[in-house]
Amino acid sequence: MSVKIPKKLLPILETNFPYHEVFIYGGRSGFKSGSIYLITQLLQNNDTEPNDVLYGRASYDSLGDSVVAEVREAQDKIGVADLYIAKSQPYKFVRKDNNCLDYFIGLGGSIDRTKGFKSVHKLSYVVFEEIQELKTRDEYENALSTVLRRMRDKGKHIVFNVFNPPNWKLHWVNKLLEEKLRDKSCLCIKMAWDDCPELLSNEMIKSILRLKITNPTYYDFMYMGNPTGADGLIYPMFLLDKHKITYQQWLERTFITKIQCVVIGCDFAVNNDETCLCPLAILDTGQAVALTPFIHNPKLSGVIGTAKLCETYITSWWNELDNKFLISKLGKPVFASCDIAGSDAIVNMRTYLGAKMTVFGCSKGTITQMIGEVQSVISKNMLYFLEERIYRDYVLNKSVRYEHHPVAEQLTILAWNENQDGYKKDIPNDRTDALTYGIYAWYKNPNHLAQMEIFRRYFRQYYTIDDILKN
């Protein structure tokens, strides 16, 4: 028996391998997945104790033609395929002599997707394949907690996370990798085509090297696994460090006296999506500053009807926001722009908050029209985010830390689908939808821009907030 495994991964086969968590990432043609299938099959079949292995990917429907077929190929390469019976519905391989199993499960979607999983024996090895396909880190962490409860404590046991880094640096999986690179108890191995050229054909190597010359940026992402920036991003003009205001700056520069009105963009949950309300303070310059949002994630705290959300949690959020920014005290008008498709949300917002704000349905354009409006506002330095780092989850009644404004973080990772006519499906957009409803309701109406036009007549066009403060 002779199998080829890249040298970087060979230490995993050693008896005294010390790590229980391994991240294997990098560019295409790095033989990440195929090598890990070989390694897990070698380890499982050379173990003296009965043990099970689990392979998971975001979509269960894609397992048959990808992971299941490749694991079967790995079994064939190491000469153990005849020892296993292949079953479907659900997919699994059962070893004939000791009843050890290889499981294949879907990880994405509902957090309950993996909760009911039980193995015959304790799990020795787990492979989470293409984890960048999961929409959120919550989906990943819930799947991980499920398998960790079923892993053996004694003997060798490892969770392998295999993925290609997405091209936007603030994607949740790239941020997770940054954490793991600082975690000395976790091993991170970067793989690229030049780590295993002996496994590639000459024609493939020539093709890769041509790309390196003709399009080095794309080569760096595609084959070296380095996120290179904005390819495919919807809002490449949005810069976290530029379009932000700290709370200390907000206080020092008395922005609170510049508020003319507040427009709240509202996107209420459908099924397991997030509910988000994003308040925009419209300043006397015509610019908008996104204040503290309301966010409810039903995957973390359960599904709650819009009536209960509005009556209890959104009302509490708004009362605190109102007091903090003196909106009612200063007599500033408040408008809530809701997705026109959510008629029950509009009714409940009017019922429980109608006395404090004007609630209406946002007449939406096409996706590209609404995106275009947001792009225009950002490009002209008309949108900023108030960054506070600590935000409140009103449903769970606890503080949550974000590195940046929760809506701004999502804005940086939105990408076009293949047809360039909508969002890429595997990237969450609930928070940015709320922002979009607020921006579209205010800036799409020419009557709202009168004061901004007056401002422009006397000053040069497209000032930043710092420019305005310097007069």
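- Partners of Ser124 according to the side chain to side chain contact (heavy atoms under 4.5 Å, CB included) rule, which considers only residues two or more places apart in sequence or in another chain, are Asn51, Val53, Arg152.
- Phe238 has its ring centre less than 6.0 Å from the ring centre of Phe385.
- Taking the side chain to side chain contact (heavy atoms under 4.5 Å, CB included) definition, one finds that Met224 meets it with Ala192, Trp193, Asp194, Tyr219, Asp220, Asn226, sequence neighbours left out.
- Residues passing the side chain to side chain contact (heavy atoms under 4.5 Å, CB included) test with Glu130 are Arg57, Gln132, Glu133, Asn164, sequence neighbours excluded.
- If you look at Tyr125 and His157, their ring centroids are not closer than 6.0 Å.
- For Tyr437, there are no ring pair (Phe, Tyr, Trp, His ring centres under 6.0 Å) partners at least two apart in sequence or on another chain.
- Checked against side chain to side chain contact (heavy atoms under 4.5 Å, CB included), Ile413 has the following partners two or more places apart in sequence or in another chain: Trp168, Leu170, Ile427.
- Qualifying salt bridge (charged side-chain N to carboxylate O under 4.0 Å, His left out) partners for Glu178, counting only residues two or more places apart in sequence or in other chains: none.
- Pairs engaging residues 394-410 under the salt bridge (charged side-chain N to carboxylate O under 4.0 Å, His left out) rule: Lys175-Glu409 [sequence neighbours left out].
- Scored by the ring pair (Phe, Tyr, Trp, His ring centres under 6.0 Å) test, His296 finds no partners at all (sequence neighbours excluded).
- Pairing each heavy atom of Tyr440 with each of Glu373, the nearest pair is CD1-CB, 3.9 Å.
- Under the 6.0 Å cut-off for aromatic ring centres, Tyr103 and Phe117 qualify, their centroids lying closer than that.
- Between Cys310 and Phe268 there is a side-chain heavy-atom pair separated by less than 4.5 Å.
- In this structure, Lys122 has no salt bridge (charged side-chain N to carboxylate O under 4.0 Å, His left out) partners at least two apart in sequence or on a different chain.
- With sequence neighbours excluded, the residues that form a ring pair (Phe, Tyr, Trp, His ring centres under 6.0 Å) with Tyr91 are Tyr60.
- Scanning for ring pair (Phe, Tyr, Trp, His ring centres under 6.0 Å) contacts around Tyr37 gives Tyr55, with sequence neighbours left out.
- For residues 324-335, the set of pairs meeting the salt bridge (charged side-chain N to carboxylate O under 4.0 Å, His left out) definition, not counting sequence neighbours, comprises Lys324-Glu388.
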